[in-house]
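Here the structure is laid out as structure tokens; the discussion comes afterwards.
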Amino acid sequence: MNDEKRELSQGQHLAALEALNTHKAELEIQNEELRQSREELERSRHRYFRLFDLAPVGYLTLNDQNVILEANIKACNLLGHERNHLLKQKLTSFIDRSSQSVFAKHRSRVLEVLTPQSCELLLVRKTGHTFWGQLDMSLDREGLDDGPVIRIVVSNIDDRKKSDQALKHSEARLRNLLNKVSAVAVQGYHADGTVHFWNKASERLYGYSAREAEGRNLLDLIIPPEKRTHVAENINRMFTQQRTTPAEELLLMHKDGSKVPVFSNHAIIQPHGQEKELYCIDIDLTPLKEAERKIKHQRDMLKCIFDGAPYTMLLLDKECRVHDINRAGLTFFQKTKKTVLGKHCGALFKCIIDQEGMPTPSDACPGCLLRQNVRIALDSGQSRLEEPTRLSVLKGTDPQSGIAVRDLLISTALVVADERRLALVTIADVTERVQIAEDLIQAKEAAEAASIAKSQFLANMSHELRTPLNGLLGMMQLLQTTELDAEQAEYVTLSIRSGGRLTRLLSDILDLSRIEARKLTLLEEPFHPEELIQAVTDTLGLACREKGLQLEQELSDTVPARLIGDAVRIRQILFNLVGNAIKFTDQGRIDVAVFALDHPEPTKCRLACCVSDTGSGILENQQRLVFGSFTQANESLTRKHQGAGLGLAIVKSLVELMDGTISIDSEPGLGATICCTVTVTMDAMPLANHSTPSSFTRQL
């Protein structure tokens, strides 16, 4: 029983031992598998960390306190720190202050909304320099035993950011440039025609501000209603076929409803990663159209002037071929345009060589004045034959019987038409004018000869009349010395007075005749102006007293004490002026003023004399007549003041002979003032035994 129990116990032990060995083998197998799994896990972990460390982008792991738990090599390189310096540091320590709020905002959304976030912000390297980085953040709720972690992918986008900034700067500069280009209107449209760009030139051209235009449709803004369907089809075709329509002239619509002519070009642009955009470049044609209208108006006007001019006008080239002729020219030459256009000028004027034997235009008529002037006009701009030129004109169709010799005044000017240099030749037929001028010259010569003969006759007759007249006056004066009764004495006095008047008239006629015959010679002798004026006033003072007039004379201190000139003729001028004033003044006064004026030559001066009276005066329309020969203001036979009208004519002639001028200022009823100047020479010789006050005034 015991043996059985021992055998049973031993068998159980063996079974248990075998089971233990089996379990041991299984454990060893499991251990081997576990070891192999651990080795594989270690290898996987090593591969993971190699991938993590060697990744081309930076990887960071943060806990909920922003502390960096993991960082790969790229992240270390981006931030410029060793790994052991990054770990256990807060990521905010490496974010620029200006980007802290951006990071906090996106981190909160990762933790609260549980969705991945991406942001761009400035990161700070160890050196203190900043760079733009992109952080892609996501939440890993099973990251660590003590809680979830935030996985961050860090990328350096500095170059991209700089490119974006450069692109934005370029776009801004381009927009600024387009806004400042005042002559070119640029608009940008989306595929549906909505405006997204509208420069300043577009505002001026179409009347809409950028704020009014952007967001609205092109068709509603500037496209006339009748063209909107066609334009919409063109826009759709441009976007779908990537092919723009050719540049063309369009008539678009202004904000106020008026039409705007433009030259429009189009371009399709597709920015990177964006939709296609249509840009229209419009140039305002209003000034050009206005200029074209003005040019057309001017051309029409010039054509009307050209055709309507009363003178012959030709357009000739350098070879003197006719490009155009006006109606007056066709009438003058008695030809039609068909027979003239394209022909050489020899078809209009008889040349040195007959038309049939005419050589090439280049050497035809080398001595022709018309050809020479055409060349001058084409080279320098204009030329003119100042004197009439006598040419043989070929009129009609018969070159033999249609020749007419005419005096022509020819002028030429340069005309540029359609980039061709042409000479505009204007021809005026002055044959009759030349003939009239020749007749006038002959008549003038005959009149001058008659005038000289008349003056010679008057001079001779005045001498012949003066001799017997002096005899009569002498006899009358002798008769006056005899015993006569009162009536006889009065007759003799009247006879002597009439004879004296006739003598003075003959003297005036003689002087005028000598002046007209150019036989009056001026003397150059020293004289004293004071004595000359005093002699005049002394002589005429009696006549003033008889009429109750006051005569005053004034000699300016500007007048030298002695001058050189013809004192006799100056005295005659003063006698006539003062005598004329006495004759036409019934009451009041007569003033004689003499003064000196400068002369361009230092050795000479101008002696000026003004005679004023308070007489009847002269009407304005008669003032220019009083200096004529045998002319008076009142020509009636019943006039109050008699005379031949020679006094002022002689004064004017003498003044002009002495290189002077004369003028009159008068109003009816207020008297008259006559001023004249004569040129005299300054006397350089010293005065001897003659004293003259510097200025004096004398009353009679």
Residues that [X] engages under side chain to side chain donor-acceptor pair (under 3.5 Å), provided they are two or more places apart:
X      : result
Lys444 : Glu448
Tyr208 : none
Glu233 : none
Arg571 : none

Name all residues meeting the salt bridge (Lys or Arg N to Asp or Glu O under 4.0 Å) criterion together with [X]; count only those two or more places apart in sequence or in a different chain, and write none if there are none.
X      : value
Asp300 : Lys296
Lys255 : Glu212
Glu525 : none
Asp284 : none

Looking at [X] and [Y], would you say the former's side chain and the latter's main chain have a donor-acceptor pair under 3.5 Å?
X      : Y      : value
Arg228 : Ile223 : yes
Asp307 : Asn326 : no
Thr331 : Arg327 : yes

Listed once per pair and sorted, the salt bridge (Lys or Arg N to Asp or Glu O under 4.0 Å) pairs that draw on residues 336-347, sequence neighbours left out: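 For residues 336-347: Asp324-Lys337.
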
For residues 433-442, which residue pairs pass the salt bridge (Lys or Arg N to Asp or Glu O under 4.0 Å) check, not counting sequence neighbours?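 Matches after skipping sequence neighbours: none remain.
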
Name the residue from Val594, Leu563, Leu607, Ile570 that meets the side-chain contact (heavy atoms from CB on, under 4.5 Å) definition with Leu532.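 Single pass found, and it is Ile570.
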
Does one side chain, of Tyr206 or Asp282, offer a donor that lies under 3.5 Å from an acceptor on the other?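 There is such a pair between these side chains.
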
Residues 674-681 side chain polar contacts: donor-acceptor under 3.5 Å, at least two apart:
unit_1, atom_1, unit_2, atom_2, d
Thr677, OG1, Thr661, N, 3.2
Thr677, OG1, Thr661, OG1, 3.3
Thr679, OG1, Asp659, O, 3.0

If you look only at pairs with a residue in residues 601-610, which of them pass as a side-chain hydrogen bond (donor to acceptor under 3.5 Å, both in side chains), with sequence neighbours excluded? none

